[in-house]
Amino acid sequence: MKEKYYITTAIAYTSRKPHIGNTYEVVLTDAIARYKRQRGYDVFFLTGTDEHGQKIGEAAKEAGITPQQYVDGVAGEIRAIWDLMGASYDHFIRTTDEYHVKSVQKIFKKLYDQGDIYKDEYEGWYCVPCESFFTETQLVDGKCPDCGREVKKTKEEAYFFKMSKYQDRLMEHIESNPDFIQPESRKKEMVNNFLKPGLQDLCVSRTSFDWGIPVTFDDKHVIYVWIDALSNYITALGYAPDAQGDLYKKYWPCDVHIIGKDILRFHTIYWPIMLMALGEPLPKQIFGHPWLLSGTDKISKSRGNAIYADDLVKLFGVDAVRYYLLCEMPYAQDGTISYENIISRFNADLANTLGNLVNRTVSMQHKYFDGVVMPQCPGEFDASVVECALQTVQACTKKMDEFKTAEALAEVMNLARRLNKYIDETMPWVLAKDESQRERLGGVLYNLLEGIRFLAVLLVPFMPRTAESIFAQIGTKEQSLESLAEFGKIVPGDKVGEAVPLFARLDEKKMLEEIAAMQPAPASAPEKKAEEKLPEISIEDFAKVEIKVGLVLESQRVEGADKLLVSKIRVGDEVRQIVSGIAKDYAPEDFVGKKVAVITNLKPVKLRGVLSEGMILAASDKKGLAVLTPDKDMPDGTVIR
């Protein structure tokens, strides 16, 4: 009987289309799930969507449709992206699914009946995007400590969960199970920042909006996100307090929850305490992965730096995007993504190292032996290749057991480099000129094909389509992880398939120009005729525009754009990057040091692929333009009224 392995992602929030940072999590989880299947585990991989809450209700109202229609659309989009990226999930749960709704209602009722949930009144500061309450002291500069957005003063009746009742028990569990929270740095953060200072009771219902699961015994209330969303990990398996389905009995407790580090508190504190209150086993492990950043910034649509998986796939292909995500994200530190980095990785690793190796080898097999595999013929350099292949399997297995995908892929690529070096060492084209070396030539190509087979098997969790293509090209059915226990499984006499390039090298300059052309065009107001009047606005309308004095610290031309400068401008205690169409009137070196008027509350946009976080004010006529500057030396950050 196979050993079970239950793995989950966090469920994606259906407020909008997921960007590449959100997509990383499902690709990571899929790679782990595929690896575990290779190891012979009976894997159950769960993912899905979180579909309730005030934020979604407001988005639906703005779109002029019902909340259910809204989440149906976004959930479909999320699932389509997960499918596009090759996610091999076994179940996709939606928190609007009827079975989930009924189970959550029963969970809430059970916790209430046993005294773990009670009714009281809540007064505090609420962040709609984060769906979180905060006390006055938790705010940072009067804003949400998590996302930095505005918060609303809220007072309403609510049900609360007695977190403090289970605090000591949770602390004891964490101490006695050192792998419960990983990486280690995340565990220290949860214990020191949340558990040791003491837990407050948790608000678990709302009355100020109605897009949620109704409380069965109090119809003014809907069940708040924590009990609703977190319970998906067991309701998906058929759990309810009064009945546990066969899947629940088979797969729970979960082997690992793969989640982003920003929701670690909910999964390592709220969720385990809920399970304790229900009398159910806790998950074996919670792994908080780092973020994928754009430069040094968190990826978000509001920052104007969002990149989407489907756009990347159109440019680079599914497996190339999967490869980049899995090899560029460190185990415990944030990773970065940029088009330049993707192209560089694509060319260096996929086109040059892997693709070239496979294509050269299969082509030589056809050229010298009509595609027929020859027997092994021992010679110089063989032993080191065999040793490298066998050691790579051990190292890669160890890294994947620890969820260190980037390090595992580095081991795989090191084997590919060793095989390329073996070609240079043995020089098959020279052996082919000497008839007496024909057996040795056949043996060299055998070792290359077998080494490539090792690569293909190890790449299955990361790049499944690429692995399939390699198997077809080298003509082998030996595709299991177990087959890598020894070197020499390729059968002499078999024929290799057709040599098909895996990855064509990209022209970086041309590709970046194409990407820049795909970015939103610079926004500019249409010119007005002298006699044309703009509509009147009120003082309240004008007050919505925030204008401040900024000091230009750095400036340079935007590559490929004659009119654009990109400048670093200090506005008080922050530095903004702003793109402006003034390059024909101001040389970069002349612009540095100027005090300028900056609109600071414009939505960030990308202009020719460069992020712009504001706008510089300027006047223009037929002779050119002039930026607006204060006629006195005002400190940067000063508000212009």
Within-4.5 Å side-chain heavy-atom neighbours: [X] and [Y]:
| X | Y | value |
| --- | --- | --- |
| Leu350 | Arg345 | no |
| Ile223 | Ser205 | no |
| Val598 | Ile578 | yes |
| Val639 | Glu546 | no |
| Arg149 | Lys143 | no |
| Leu315 | Asp311 | no |
| Ile174 | Leu195 | yes |
| Leu617 | Ile599 | yes |

Kindly say whether [Y] contributes a backbone atom to a donor-acceptor pair with the side chain of [X] at under 3.5 angstrom?
| X | Y | result |
| --- | --- | --- |
| Glu613 | Gln577 | yes |
| Tyr323 | Leu409 | no |
| Arg576 | Ile569 | no |
| Glu25 | Gly260 | yes |
| Arg505 | Ala351 | no |
| Asp228 | Tyr224 | no |
| Asn347 | Ser344 | no |
| Ser567 | Ser555 | no |
| Asp201 | Phe160 | no |
| Thr9 | Val26 | no |

Hey, would you say the [X] and [Y] ring centroids sit under 6.0 Å apart?
| X | Y | result |
| --- | --- | --- |
| Phe194 | Tyr270 | no |
| Trp82 | Tyr89 | no |
| Tyr24 | His289 | yes |

Checklist entry - Under the criterion side-chain contact (heavy atoms from CB on, under 4.5 Å), which of Ile78, Leu312, Ile81, Ile307 is the partner of Thr23? => result Ile81

Calculate, to the nearest 0.5 Å, the distance between atoms [atom1] and [atom2] belonging to [X] and [Y] respectively.
| X | Y | atom1 | atom2 | result |
| --- | --- | --- | --- | --- |
| Gln182 | Glu184 | CD | CD | 6.0 Å |
| Met329 | Leu28 | CE | CG | 8.0 Å |
| Glu77 | Tyr308 | CD | OH | 9.0 Å |
| Phe92 | Asp83 | CZ | CG | 8.0 Å |
| Glu508 | Met511 | CD | CE | 10.0 Å |

Next on the checklist: Evaluate Glu58 against Lys61 for salt bridge (Lys or Arg N to Asp or Glu O under 4.0 Å), listing each step before the verdict.
Outcome noted: CA-CA 5 Å; Glu58 291 179 356; Lys61 185 178 180 181; over 6 Å; no

Tell me whether [X] at atom [atom1] has more than 12 heavy atoms from other residues, nucleotides or ligands lying less than 6.0 Å away.
| X | atom1 | result |
| --- | --- | --- |
| Asn193 | CG | yes |
| Met634 | CE | no |
| Glu340 | CD | yes |
| Asp210 | CG | no |
| Gln333 | CD | no |
| Lys261 | NZ | yes |
| Glu121 | CD | yes |
| Lys568 | NZ | no |

Taking only Lys NZ, Arg NE, NH1 and NH2, and the carboxylate oxygens of Asp or Glu, determine whether [X] and [Y] approach each other closer than 4.0 Å.
| X | Y | result |
| --- | --- | --- |
| Asp50 | Arg94 | no |
| Glu402 | Lys399 | no |
| Arg570 | Glu574 | no |
| Lys595 | Asp636 | no |

Next on the checklist: Check the orientation of His267 and His257. Use parallel for under 30°, tilted for 30 to 60°, and perpendicular for over 60°.
Outcome noted: perpendicular

Checklist entry - Relative to the ring of Phe503, is the ring of Phe346 parallel (under 30°), tilted (30 to 60°) or perpendicular (over 60°)? => result perpendicular

So, [X] versus [Y]: side-chain donor-acceptor pair below 3.5 Å or not?
| X | Y | result |
| --- | --- | --- |
| Thr154 | Trp125 | no |
| Tyr324 | Asp349 | no |
| Arg206 | Tyr126 | yes |
| Thr95 | Glu51 | no |

For [X] against [Y], the heavy-atom pair lying closest together:
| X | Y | value |
| --- | --- | --- |
| Ala406 | Cys327 | CB-O, 3.5 Å |
| Ala63 | Tyr70 | CB-CD1, 4.4 Å |
| Ile56 | Thr14 | CD1-OG1, 3.2 Å |
| Gly288 | Leu264 | CA-CD1, 3.8 Å |

Next on the checklist: Both conditions, 6.0 Å and 45 degrees, for the charged tip of Lys55 above the ring of Tyr13: are they met here?
Outcome noted: no

